[in-house]
2 protein chains.
Amino acid sequence: MAARLDPAECAECLCLASRRAARAITRSFDRRLRPHGVRATQLTILIALILYGPGSIGALAEGLGIERTTLTRNLALLEAARWIRIRPGEDARSRLVEITKRGRAKAEAALPAWRSAQAATVAAISLAAAEALRALAQRPIP
Amino acid sequence: MAARLDPAECAECLCLASRRAARAITRSFDRRLRPHGVRATQLTILIALILYGPGSIGALAEGLGIERTTLTRNLALLEAARWIRIRPGEDARSRLVEITKRGRAKAEAALPAWRSAQAATVAAISLAAAEALRALAQRPIP
DNA sequence: CGGCGATAGATGTAGATACACATATCGGAT
DNA sequence: ATCCGATATGTGTATCTACATCTATCGCCG
């Protein structure tokens with residue numbers, strides 16, 4: 001039989017805390033990126049492709065800490081916008097994702113808005129919290 | 001003209017970090033909660049209703065740091081499962097959300113799994129990071 | 001060469017998220 | 001009494017997320 005709910009214990013829920021923080025931060029980024037017609041999640045993918053070069057869908061998903069099947073859907077939208085290109089990979093199973101000129105231009109145009117959102121977030125949560133959040137995001141959760 | 005992308009700068013993206021952390025933590029919670037047929041997001045709402053009592057949709061959304069319209073959709077699923085009840089509120093505009101006996105029983109049955117996920121997350125990210133995350137989630141992001 | 005586990009990815013289904021907009025009601029000012 | 005801004009909520013649309021399952025291909029072992 002489960003014990004009764006303890007308010008102090010349940011108020012500490014890390015799933016709520018992490019999702020709540022992500023929602024708030026994403027809203028802030030999306031608001032600033034809206035004039036550029038790109039979502040924070042999409043810009044993240046474009047930046048990853050610029051920084052770490054073309055790669056397979058699985059490798060990109062791994063790098064972003066996202067489900068591979070989720071990334072497949074996200075990439076379809078970016079491909080429709082011609083911000084990325086998906087070509088056949090080394091063998092007939094894999095596919096290679098790479099950013100296009102249009103995608104690179106879009107990411108660079110959105111960079112000032114991205115910086116503004118980043119700065120606003122750091123100011124809101126403190127530099128120490130920002131560093132803690134980055135470190136935390138690297139860790140696998142069993 | 002936007003400056004060129006700086007790898008060090010872009011790797012610090014807080015939107016990516018927060019979403020990545022939330023995805024990983026949510027997957028961990030959902031995996032453990034699956035035998036109970038309840039999602040982490042749903043359990044969060046049930047717990048909030050237990051701890052803070054019945055209230056309007058807007059007040060609940062505010063408390064959870066979630067968009068009101070998002071909560072409306074989430075509540076529809078909980079209502080269909082008969083875990084919550086939505087009644088007319090004080091005036092004809094507002095509605096009152098409250099947990100049902102079934103909902104309370106479901107939340108209490110899932111509590112051990114929730115505790116297990118919570119403990120696994122704390123162990124993975126460290127107690128200090130957990131506290132930082134909780135504090136961070138409280139802050140509004142402009 | 002043929003089979004078989006491993007690998008890479010796509011699809012079906014379901015839920016979470018949020019903005020723009022629409023609806024209904026309330027309460028105070030005239 | 002009526003009008004009008006404020007309040008509380010629902011709906012249309014689009015995107016993000018992920019598990020279960022499917023298809024295709026690869027590489028190895030006999």
Side-chain angles (χ1 to χ4, degrees), chain A residues 15-16 18-35 37-46 55-62 64-81 83 86-97 141, chain B residues 15-16 18-35 37-46 55-62 64-81 83 86-97 141:
Chain A
C15 188
L16 171 59
S18 65
R19 293 184 70 83
R20 187 175 178 160
R23 282 193 300 261
I25 293 174
T26 301
R27 280 194 296 261
S28 173
F29 273 70
D30 274 344
R31 193 173 343 111
R32 286 157 214 266
L33 290 173
R34 189 157 322 124
V38 62
R39 304 282 215 96
T41 46
Q42 301 172 339
L43 184 57
T44 295
I45 296 173
L46 295 181
S56 74
I57 294 180
L60 185 56
E62 174 79 14
L64 292 171
I66 202 178
E67 258 296 301
R68 183 182 47 74
T69 60
T70 300
L71 184 59
T72 295
R73 323 275 172 146
N74 294 350
L75 290 180
L77 295 170
L78 301 184
E79 193 180 24
W83 293 337
I86 304 184
R87 295 185 303 157
E90 301 227 333
D91 67 42
R93 291 171 300 180
S94 75
R95 307 211 294 157
L96 196 74
V97 187
I141 313 287
Chain B
C15 189
L16 170 59
S18 66
R19 293 184 70 83
R20 186 175 179 160
R23 281 193 299 262
I25 293 174
T26 301
R27 280 194 296 262
S28 173
F29 274 69
D30 274 344
R31 193 172 343 110
R32 287 158 214 267
L33 290 173
R34 188 157 323 123
V38 61
R39 305 284 214 93
T41 47
Q42 301 172 339
L43 183 57
T44 294
I45 295 173
L46 295 181
S56 73
I57 294 179
L60 186 56
E62 173 79 13
L64 292 171
I66 201 179
E67 257 295 302
R68 182 188 49 77
T69 60
T70 300
L71 184 59
T72 294
R73 323 272 173 151
N74 294 350
L75 290 179
L77 295 171
L78 301 184
E79 193 180 24
W83 292 337
I86 303 184
R87 295 186 303 158
E90 300 228 333
D91 67 43
R93 291 171 300 179
S94 76
R95 309 210 296 155
L96 196 74
V97 187
I141 313 287

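We name chains A, B, ... by the order of the sequence lines, and we start the count at 1 in each one.
- An OP1 or OP2 oxygen of D:dT9 is reached within less than 4.0 angstrom by no side-chain nitrogen or oxygen of B:Arg95.
- Position along DNA chain C of the nearest nucleotide to A:Leu96 versus A:Arg39 favours A:Leu96 as the more 5'-ward residue.
- A:Thr41 comes within contact range of the sugar-phosphate backbone alone, with a heavy-atom separation under 4.0 Å but no base atom that close.
- Within the 4.5 Å cutoff, side-chain heavy atoms of B:Trp83 are placed close to those of B:Val38.
- In this structure, CD of B:Glu67 is placed 16 Å from C1' of D:dC16, rounded to the nearest angstrom.
- Side-chain N/O atoms of A:Asn74 include none lying less than 4.0 angstrom from OP1 or OP2 on D:dT15.
- When rounded to the nearest whole Å, the span between CG of B:Leu71 and P of D:dA8 equals 15 Å.
- A donor-acceptor pair is defined here as one N or O able to donate and one able to accept, closer than 3.5 Å; such a pair exists between the side chain of A:Thr72 and the backbone of A:Arg68.
- Distance alone, capped at 3.5 Å, is enough to place a donor-acceptor pair between the B:Arg23 side chain and the A:Gly65 backbone.
- In this model, no side-chain donor or acceptor of A:Arg73 finds a partner on the base of C:dG9 within 3.5 Å.
- Taking side-chain N and O atoms only, A:Thr72 has a distance below 4.0 Å to OP1 or OP2 of C:dA10.
- Rounded to an integer number of Å, the gap from CG of B:Leu16 to P of D:dT17 is 10 Å.
- Here the P atom of nucleotide C:dG9 and the CD1 atom of A:Ile66 are 14 Å apart, to the nearest Å.
- Within the 4.0 Å cut-off from OP1 or OP2 of D:dG10, not a single side-chain nitrogen or oxygen of B:Thr69 is found.
- Counting any heavy atom pair closer than 4.0 Å across all strands shown, B:Arg68 reaches a base atom.
- One interatomic measurement links the two molecules: CD1 of B:Ile57 to C1' of C:dA24, which rounds to 14 Å at whole-angstrom precision.
- OP1 or OP2 of C:dT17 lies within a sub-4.0 Å distance of a side-chain N or O belonging to A:Arg19.
- Applying the 4.0 Å criterion to OP1 and OP2 of C:dA8, one finds that A:Ser56 has every side-chain N and O outside that range.
- With DNA chain C read from its 5' end, the first of the two nearest nucleotides for B:Arg93 and A:Ser94 is the one closest to A:Ser94.
- Atom CD1 in B:Ile86 sits roughly 16 Å away from atom P in D:dA8 (whole-Å rounding).
- As rounded to whole Å, 12 Å separates atom P of C:dG9 from atom CD of A:Glu62.
- The CG atom of A:Leu75 sits 12 Å away from the C1' atom of D:dC16 (whole-angstrom rounding).
- Nearest-nucleotide mapping onto DNA chain D: of B:Arg34 and A:Gln42, the residue sitting toward the 5' end is A:Gln42.
- Annotation: side chain of B:Arg27 is not in contact with side chain of A:Ile141 (no heavy-atom distance under 4.5 Å).
- Using a distance-only test at 3.5 Å, with no hydrogens or angles considered, a donor-acceptor pair links the side chain of B:Asp91 to the main chain of B:Ser94.
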